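What follows is a short report on a single structure.
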Amino acid sequence: MRISDPRIVVKLAEIHVDLQHGATLAGLTSLGIGGTTDLLRIKKHESLPDLLNLLDANHVPHKFLGGGSNLLVGDGELPWVIMQLVRPEPDVVLDGNFAHIDAAADLGRMITFCAKNDLGGMEGLIGVPGTVGGALRMNAGAYGMQIGNYVREVKLYRAASRKIEILRGHQISFEYRHTSFAPDDMMLSVILELPSKPFKEILQGIRICNEKRRSSQPLGQKSAGCIFKNPPGASAGRMIDELGLKGLSVGDARVSDRHANFFVNAGHASAKDMLALIADVRERVQKSYGVSLENEVVVWSA
Ligand SMILES: Cc1cc2nc3c(=O)[nH]c(=O)nc-3n(C[C@H](O)[C@H](O)[C@H](O)COP(=O)(O)OP(=O)(O)OC[C@H]3O[C@@H](n4cnc5c(N)ncnc54)[C@H](O)[C@@H]3O)c2cc1C
């Protein structure tokens, strides 16, 4: 979708939003799949209410992009524009055990920065790509921990009130790859309360988690992490593996040989290929195990 109305273009500049014409989502997502649309880069959180009012008044559909590491985006010209926060400098400020973090901050760099300042707890998430905002939205987790456990406060644009608001940790429910935020809420910043730990001890935890990932995940290939959520008490990867589906392909979309719940783009896979592979695997698991696998990857169809 292209924004060409000069009145909108002028207004965007007035509210500190950069308009980038024709961004290709294949270049902005870890799967390397996705078509083209206009990208709006938001330099000031305070612009969001004006920006959303402007887009809605002009019937411009929109989606919110973090680091693009949990997304499968449709092919071709996309029927909505993309919004993304510009990362400020600094993006993490520490105050005792409280880390004040911008949603655009890189998750891994934030964890390392906190670790160097003797704040731990997040070791399990090292190696998870993307932004802190995306991790909050997805309640990213690994190796028995999840980011939601450390959230004390979130500043967000709330779709319901069309205002920027603050929510305390206890007002938000964080479940397995699910949060109580409304689909159109946009996380702007967060305060995490992290336990004090000596850097050396945190580093040891980080090394263990890095090693687990290296030995079990196709880290050098284009993926979006796990495609399916684990059903209660079961492992989606194990079921797919037991059915002998590692290596199953549709075009260049392929079930990883390393980790059966990671589907990789082994070349020039299209969204159509990847969606067909997901549907095929889901159907086979349903037939053999009677379990309907739910997507963990967020699909933005064209
Ligand atoms: C190799 C690899 C390993 C992975 N391992 C794990 C893992 O161990 N555990 C895990 O949980 N995930 C894992 N993931 C998935 C992914 O990295 C996480 O879900 C990550 O937190 C997504 O963040 P993002 O910024 O990239 O979000 P995006 O992919 O950009 O967006 C995902 C969703 O969040 C929304 N969103 C993004 N930013 C915001 C915001 N500021 N406000 C509101 N909504 C927002 C988007 O609209 C979209 O709906 C892995 C991915 C890869 C490629």
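This one's a predicted model, so the numbers in the text were calculated from it and none came from an experiment. Note that ligands are numbered from 1 as they come in the structure, with each ligand's atoms numbered from 1 the same way.
Ranking the protein heavy atoms by distance from atom 28 (P) of ligand 1 puts G68 N, 3.5 Å first. Atom 31 (O) of ligand 1 has L71 CG, 4.0 Å as its closest protein atom, hydrogens excluded (heavy atom only). In this structure, atom 3 (C) of ligand 1 lies nearest to the protein heavy atom P129 CD, 3.9 Å. The shortest contact between atom 47 (O) of ligand 1 and any protein heavy atom is with F64 O, 2.5 Å. In this structure, the protein non-hydrogen atom closest to atom 42 (N) of ligand 1 is M187 N, 2.8 Å. In terms of protein heavy-atom proximity, atom 49 (O) of ligand 1 is nearest to V298 CG1, 3.8 Å. Remark: minimum distance from atom 52 (C) of ligand 1 to any protein heavy atom is reached at G225 N, 3.3 Å.
Distances between N or O atoms of G66 and those of ligand 1 include at least one value under 3.5 Å. Taking only nitrogen or oxygen atoms, main chain and side chain alike, G127 does not reach within less than 3.5 Å of ligand 1. Any N or O atom pair closer than 3.5 Å counts here, and N70 shares at least one such pair with ligand 1. Considering backbone and side-chain N/O of F262, none are found under 3.5 Å from N/O of ligand 1. In terms of N/O distances under 3.5 Å, ligand 1 is not approached by S223. Any N or O atom pair closer than 3.5 Å counts here, and V128 shares no such pair with ligand 1.
When the heavy-atom distances from atom 17 (O) of ligand 1 to G133, S69, G67 are ranked, the shortest goes to S69. Taking each of G134, S30, A182, G141 in turn, the one with a heavy atom nearest to atom 38 (N) of ligand 1 proves to be G134. Residue M138 holds the heavy atom nearest to atom 33 (C) of ligand 1 of all those in K212, M83, M138. Looking at Q217, R213, R137 and measuring to atom 5 (N) of ligand 1, the nearest heavy atom belongs to R213.
Near A142, with a cut-off below 4.0 Å to any heavy atom, the atoms of ligand 1 are 8 (O). Residue contact check: A135 has heavy atoms under 4.0 Å from atoms 21 (O), 23 (O) of ligand 1. Residue contact check: A140 has heavy atoms under 4.0 Å from atoms 11 (O), 21 (O) of ligand 1. Set against the non-hydrogen atoms of M186, the atoms of ligand 1 under 4.0 Å away are 42 (N), 43 (C).
Counted by atom type alone, N295 and R282 present one or more donor-acceptor pairs between their side chains at under 3.5 Å. Side chains of N97 and E193: a donor-acceptor N/O pair is absent below 3.5 angstrom, by distance only. Side-chain contact of E242 with Y289: a donor-acceptor pair under 3.5 Å is present, judged by distance alone. Side chains of T131 and D106: a donor-acceptor N/O pair is absent below 3.5 angstrom, by distance only. Counted by atom type alone, D56 and H62 present one or more donor-acceptor pairs between their side chains at under 3.5 Å.
In this structure, the side-chain contact (heavy atoms from CB on, under 4.5 Å) partners of C209, at least two apart in sequence or on a different chain, are I126, Y143. Applying the side chain to side chain donor-acceptor pair (under 3.5 Å) rule to E175 yields the partners S173; only residues at least two apart in sequence or on another chain are considered.
Between E89 and R87 there is a salt bridge, since a side-chain N of the basic residue sits under 4.0 Å from a carboxylate O of the acidic one. A salt bridge does not link E294 to R177: none of the charged side-chain nitrogens sits closer than 4.0 Å to a carboxylate oxygen. Salt bridge K43/D18: present, at least one basic N to carboxylate O contact under 4.0 Å. A salt bridge links E77 with R2: at least one charged nitrogen is closer than 4.0 Å to a carboxylate oxygen.
Within a 6.0 Å sphere centred on NZ of K272, heavy atoms belonging to other residues, nucleotides or ligands number 12 at most. Within 6.0 Å of CZ in R214 there are more than 12 heavy atoms belonging to other residues, nucleotides or ligands.
The side chain of W300, and not its backbone, has at least one atom closer than 4.0 Å to an atom of ligand 1 (non-hydrogen atoms only; side chain from C-beta on). Proximity of A224 to ligand 1, defined as any heavy-atom pair under 4.0 Å, is confined to the backbone N, CA, C and O atoms. Both the backbone and the side chain of T131 come within 4.0 Å of ligand 1, judged by heavy-atom distances. By the criterion of a heavy-atom distance under 4.0 Å, neither the backbone nor the side chain of K63 is placed next to ligand 1.
Ligand 1 has D185 within reach: a non-hydrogen atom of the residue lies less than 4.0 Å from it.
Side-chain contact check for L125 versus Q146: every heavy-atom pair is 4.5 Å or farther apart.
Just one of T37, L71, L72 meets the side-chain contact (heavy atoms from CB on, under 4.5 Å) condition when paired with L25; it is T37.
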